[in-house]
2 protein chains.
Amino acid sequence: MVEVTHRQTEQKAAVRSALEKSTDFISAQDLHARLRDKGSTIGLATVYRSLNDLSQTGEADVLQSGTGQLFRYCGSGEHHHHLVCVDCGKTVEVEVPVEEWVQKVSQTNGFTPVRHVLDMYGRCADCEAIRRSTAR
Amino acid sequence: MVEVTHRQTEQKAAVRSALEKSTDFISAQDLHARLRDKGSTIGLATVYRSLNDLSQTGEADVLQSGTGQLFRYCGSGEHHHHLVCVDCGKTVEVEVPVEEWVQKVSQTNGFTPVRHVLDMYGRCADCEAIRRSTAR
DNA sequence: GCCGTAGTGAGTTGCGTTCTCAATAGCGCC
DNA sequence: GGCGCTATTGAGAACGCAACTCACTACGGC
Ligand SMILES: [Mn+2]
Ligand SMILES: [Mn+2]
Ligand SMILES: [Zn+2]
Ligand SMILES: [Zn+2]
């Protein structure tokens, strides 16, 4: 059996490109709408498929929001974590020693680490200012 | 206007009790099934309502799994985090200085902290042993 | 015991995501 | 360039979790 060939398609490229252009986390549906608005006829299923592929290869970050999963392009395949503004979605990649602690805590409890989830949410300076100026 | 009275019902007690008896994280549906199996006629909606109430008061922990939210009873209202076995669901409450990290990176980036998510997954010693003995 | 109303539960709805499958289009090969 | 195989696509259906609806129930203050 030979190699399984992964074909290069316009759709996959379009999803990657659109994701790169989005600075904040975005949902599959919003990305789909954005693509359609720009004339693409791409299907929603394909957007989901492409985003899932990108997240599996580490090209995209995923986080679970209350309404579903959000995606974000992430060139560096390095594992890292995010600080996300709950109001505007502005996102900063941050460095924290989680991995060390995962290792430590796992060892203490006889676990073999598999994965971990760490996402930090807050309000960015701008949104916090807006919030303060508005009555509550 | 007087106080809003929260009435004490069999159903709420049953949910709390069933949740206490479950050592691992459990879904609302599984908890509902468990209750029905034991003769209860409680409705699924009530299970969801009760679990949401418990999580809001801090009596229950919630975590987002791939298939939905999982609940776990948690006497201590203290904020903490979990190390969960991906195979059997065994859960350990662990202490990690996440709060410090949140403070630090928020300050660095001009964010006002709101909340954070930290869940660690691995395989407990038992499940790891089983995995090793089985052919991959 | 009576009453007002919070709570319940069967069924329905909503919504994000995945699945189905016939049609399309990469791409290795000639 | 053309052929053939099959990975990929997209419209729509299906799925699963969670919330909602609303008539009915039962808690608890009196
Ligand atoms: Mn990232
Ligand atoms: Mn806990
Ligand atoms: Zn913001
Ligand atoms: Zn285990």
Side-chain angles (χ1 to χ4, degrees), chain A residues 1-19 22 24-57 59-72 89 119, chain B residues 1-19 22 25-57 59-72 89 117 119:
Chain A
M1 293 306 134
V2 286
E3 278 290 293
V4 173
T5 59
H6 276 235
R7 296 180 184 171
Q8 189 174 338
T9 66
E10 280 185 28
Q11 290 88 340
K12 289 176 184 170
V15 169
R16 179 186 280 104
S17 167
L19 195 63
S22 170
D24 304 327
F25 279 91
I26 187 173
S27 72
Q29 312 220 30
D30 285 353
L31 198 69
H32 178 243
R34 197 168 292 186
L35 286 165
R36 300 289 283 224
D37 286 348
K38 288 181 180 172
S40 171
T41 59
I42 192 172
L44 180 57
T46 299
V47 173
Y48 271 106
R49 282 189 285 246
S50 300
L51 288 174
N52 285 339
D53 288 349
L54 288 172
S55 77
Q56 274 185 322
T57 61
E59 271 195 271
D61 295 321
V62 198
L63 68 78
Q64 203 72 21
S65 88
T67 58
Q69 48 195 22
L70 300 178
F71 301 84
R72 182 163 184 267
D119 293 306
Chain B
M1 293 306 135
V2 285
E3 278 291 293
V4 173
T5 59
H6 278 233
R7 295 179 184 171
Q8 188 174 338
T9 66
E10 279 185 28
Q11 289 88 341
K12 290 177 186 172
V15 169
R16 179 186 282 102
S17 167
L19 195 63
S22 170
F25 278 91
I26 186 173
S27 71
Q29 312 219 29
D30 285 352
L31 197 69
H32 178 242
R34 195 167 294 187
L35 286 164
R36 299 288 283 225
D37 285 348
K38 288 183 181 170
S40 171
T41 59
I42 192 171
L44 179 58
T46 298
V47 173
Y48 271 107
R49 281 189 286 247
S50 300
L51 288 175
N52 284 338
D53 289 348
L54 289 171
S55 77
Q56 276 186 320
T57 62
E59 270 194 271
D61 294 322
V62 198
L63 68 78
Q64 203 72 23
S65 88
T67 58
Q69 46 195 21
L70 301 178
F71 300 85
R72 182 164 185 266
V117 180
D119 293 305

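Chain letters run A, B, ... following the sequence lines, proteins first and then strands; every chain starts at 1.
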Checklist line | Residues forming a side-chain hydrogen bond (donor to acceptor under 3.5 Å, both in side chains) with A/Asp61, sequence neighbours excluded | finding: A/His80, A/His82

Check: Looking at residues at least two apart in the chain, or sitting in another chain, which of them share a side-chain hydrogen bond (donor to acceptor under 3.5 Å, both in side chains) with B/Thr67?
Finding: B/Ser65

Notebook entry, point to check: By side-chain hydrogen bond (donor to acceptor under 3.5 Å, both in side chains), which residues pair with B/Ser40, not counting sequence neighbours?
Noted result: none

Check: Taking only residues two or more places apart in sequence or in another chain, which ones pass side chain to side chain contact (heavy atoms under 4.5 Å, CB included) with A/Gln11?
Finding: A/Thr9, A/Ile42, A/Thr46

Margin query: Run the salt bridge (Lys or Arg N to Asp or Glu O under 4.0 Å) test against B/Arg16 and tell me which residues pass, sequence neighbours left out.
Written below: B/Glu59

Check: Roughly how many Å is it from CD1 in A/Ile26 to P in C/dT17, rounded to a whole number?
Finding: 12 Å

Margin query: Within the 4.0 Å limit for protein heavy atoms, which parts of nucleotides 8-13 of chain D are touched? Write it as a string from 5' to 3', B for base, S for sugar-phosphate only, - for none.
Written below: SBBB--

Margin query: Restricting to side chain to side chain contact (heavy atoms under 4.5 Å, CB included), what partner residues turn up for B/Asp30, sequence neighbours left out?
Written below: B/Ile26, B/Ser27

Check: Do any of residues 61-72 of chain B sit with a heavy atom less than 4.0 Å from DNA chain D, and if so which?
Finding: B/Thr67, B/Gly68, B/Gln69

Checklist line | Phosphate-side-chain proximity, A/Tyr48 and C/dT18, N/O vs OP1/OP2 below 4.0 Å | finding: no

Margin query: If the condition is ring pair (Phe, Tyr, Trp, His ring centres under 6.0 Å), which residues does B/Tyr48 pass it with, not counting sequence neighbours?
Written below: none

Check: At what distance, to the nearest 0.5 angstrom, does CG of B/Leu51 lie from CG of B/Leu70?
Finding: 10.5 Å

Item checked: Sequence-distant partners of B/Val62, side chain to side chain contact (heavy atoms under 4.5 Å, CB included), two or more places apart -> B/Ser55, B/Gln69, B/Phe71

Item checked: Partners passing side-chain hydrogen bond (donor to acceptor under 3.5 Å, both in side chains) against B/Ser22 (at least two apart in sequence or in another chain) -> none

Next item on the list: Five pairs at each end of the helix from C/dG1-D/dC30 to C/dC30-D/dG1: take the axis at both ends and give me the angle between them to 10°.
Entry: 40°

Check: When the distance from CG of B/Leu51 to C1' of D/dA19 is rounded to whole Å, what number comes out?
Finding: 14 Å

Next item on the list: First locate atom OG of B/Ser17, then atom CD of B/Glu10, and finally report the distance between them rounded to the nearest 0.5 Å.
Entry: 12.0 Å

Item checked: Separation of C/dT17 C1' from A/Asn52 CG (nearest whole Å) -> 9 Å

Check: Quick one: is A/Gln29 getting a side-chain N or O under 4.0 Å of the C/dG16 phosphate, OP1 or OP2?
Finding: yes

